[in-house]
Structure formats: structure tokens, C-alpha cells
Amino acid sequence: MPELPEVQTIVSELKNEIVGKKIAEVNYNLPKMVVGDIKKIIGAKIASVSRRAKIIIVKLGGGLNLLFHLKMTGQLIYLPAGKDKTKVGERINKYTHVIFKLSDGSRLLFNDLRQFGWVKIFGTEDLKKAINKEKYGPEPLSKEFTLAKFQQMLAQKPNAKIKPLLMDQSFIAGIGNIYSDEILYFAKVHPLKKVKDLNQKDIEKIYEGILKILRAAILAKGTSIDTYRRTTGEKGTYALKRQVYQRKGLPCYHCQGKVQTVKIGGRTAHFCPGCQK
DNA sequence: TATATTGTTACACC
DNA sequence: TGGTGTAACAATAT
């Protein structure tokens, strides 16, 4: 699942490849994944690539912007010009739904197995409105996200369960199922614990976990357990470092007890009952 | 062949 | 209003 570290990896890699190039052609086969008048972007120059929460923002010349959301299974794959045909065949497949051809003959592929992802075309003013409408919480790796700020945020939500709260994009932006499980394991806090039952040490460890784990995952280029891939098509390596996510029934690396799952709001949380109280 | 899974969102309901 | 609960989305594994 692309969460903050995966989206950040894609943004960083894409920036190096596509900024300064022009969009020569766009082809797509699933209209529901493309929102807005895509033809308007033909000929536009790519000015920058950035991120807010899990959204990728590609700023174009002429006051236009492309926004991508990869949801669970979306991929953005960059194919340099003149790539050999076997590689191209692997990466352009039945899940390739949008292809952007760039001025130098390279291509950007938008692949999505479950087709929940989208790309939207926005003018700059509408872009601001659209992002404000989402009411995103602070970026966890920004300067404004201090321990004091986090404590103040938690104080507003005494009755919330900690795991769904960490995944709430209007509370903090960018954390999903994988990293909320890993952060709570790091902090030794049970995913169903209510905010008002956290002590000061719990809060400090959760805060520390958010920063440490997201940073480590960015360094590892993300977690490729399922379909997430870097723009090169390669896997991120954080899956090798994870402690609990998708390790149900396997021994906890700390206490050797078995990792368990519990349903929270219809979703699966992974935790070690021995370590997380 | 039917069902569970998966993150996000839309929507009903209080 | 906000918070909660649930269905829907699509393809896959089992």
C-alpha cells in the first residue's frame, strides 16, 4: 500500500526524471481513472513534483496540475526512451491504464490492479481548494509536527482508538495500515487503546516511532509486500525490516510470542499481545 | 463458485 | 455539527 514513505519515494524518483520535459501524448483505457480534460495538458512542460499526504502533485506550465492518488495498488513507473522490449513488456501490462508520453520519448505508466487510483487535472486555484477540502492533518516529518503539537492534537481526541486515529488523514497525513502497526509495535502500545488511557511515556514513544519508522522506510524506498513498486519497477526494502505487519502467527522478534490480528473498523491490525499492552 | 481481503470515501444515521 | 458504522469499489487468493 503506498503510504507516506512510498509516495515520497515515487515523488523523489520522478522529480529527477520528468521535470523539464513536455507531455507529448496521453493514452488511457479507463475513463473513470482520469478526471478532467486530460487533452489540455498536451504540450505542457513539467515544472515540479511534490506531495501532500498520499497525493502526488505534478505541477505543469500554463497553470495546470496533475494530481495522482495510488490508493492501494497504484503504481507510477518511469520508462526511459529506448528501453529494451522485454522490460517494457513486463511493465506495460493489463494493469496499465494511463500512459503519458514525454518529449524525449520516455514514458510514465500509471498501473493499478484494483483500479481505485485516479489522476485529476486541476487549475492552480481549484487545486488549492481541492486540497483544503480534504482537511489534512500535519505532515509528520515537517517542522510543525513537534511533540508538544502531537500532545495537543491527542488531547482533542480522548475517546479515539489510537490505531484508527493514526490512520486518520485529517489527524496526521500519510500514515496507513502498515506504518500504524509498526509505530504501535515500536511504542509497545495496543492498537485498541484509547487516547485518554495513554501515559506520557506512551505518547513520547508513539511520537518517536512516527518519526523513526517513517524516516527509516523512506531510506529503504518503501515497503513492497504486495504491489507497490518504485518508479524503476524495483521493490522497496522496508518489508525486510518490518516487525508485525502481515506477520500473523509468526514469532515476535522481541518476546517470541505469536503476532496476532484484530479487526478494527473492518480492517486488520497486527500486534504482539506480549509486547503491546 | 462463493467469500474474505484491502484503503478510502461516500453516505446514512444519531 | 461531528462521530460512527457500513457499503461500495475491483481483482485476487483460497
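These values consider heavy atoms only, across backbone and side chains, with no hydrogens, waters or symmetry-generated copies. Chain letters run A, B, ... following the sequence lines, proteins first and then strands; every chain starts at 1. In this text, all values refer to a predicted model and were calculated from it rather than measured experimentally.
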Between [X] ([atom1]) and [N] ([atom2]), how many Å, whole number?
X: A:D112; N: B:dG7; atom1: CG; atom2: C1'; answer: 12 Å
X: A:K163; N: B:dT6; atom1: NZ; atom2: C1'; answer: 12 Å
X: A:I225; N: B:dT5; atom1: CD1; atom2: P; answer: 17 Å
X: A:R267; N: B:dA4; atom1: CZ; atom2: P; answer: 13 Å
X: A:K120; N: B:dT8; atom1: NZ; atom2: P; answer: 14 Å
X: A:M33; N: C:dA10; atom1: CE; atom2: P; answer: 11 Å
X: A:M72; N: C:dA13; atom1: CE; atom2: P; answer: 15 Å
X: A:K94; N: C:dA11; atom1: NZ; atom2: P; answer: 9 Å

Q) With the threshold set at 4.0 Å, does a side-chain nitrogen-carboxylate oxygen contact exist between A:E204 and A:K201? A) no

Q: Please determine if A:R52 and A:E139 form a salt bridge, counting it only when a charged side-chain N lies under 4.0 Å from a carboxylate O.
A: yes

Are any of [X]'s side-chain N or O atoms less than 4.0 Å away from OP1 or OP2 of [N]?
X: A:T73; N: C:dA11; result: no
X: A:K263; N: B:dT5; result: yes
X: A:Q115; N: C:dA11; result: yes
X: A:K32; N: C:dA10; result: yes
X: A:K157; N: C:dG3; result: yes

Nearest to the side chain of [X] - [options]?
X: A:L113; options: C:dA11, B:dT9, B:dT6; answer: C:dA11
X: A:Q246; options: B:dG7, B:dT6, B:dT9; answer: B:dT6
X: A:T268; options: B:dT6, B:dT8, B:dT9; answer: B:dT6

Q. Checking A:R51 side chain against A:T9 main chain: does a donor-acceptor pair fall under 3.5 Å?
A. no

Q: Look at the side chain of A:R114 and the base of B:dT5, then say whether one donor and one acceptor between them are separated by less than 3.5 Å.
A: no

(Q) If the test is side-chain hydrogen bond (donor to acceptor under 3.5 Å, both in side chains), which one of A:H270, A:Q246, A:K163, A:R267 qualifies with A:N177? (A) A:K163

Q) Does the separation of the ring centres of A:Y245 and A:Y179 fall below 6.0 angstrom? A) no

(Q) Stacking between A:F116 and C:dC9, defined as ring centres under 5.5 angstrom apart with planes under 30°, is that present or not? (A) yes

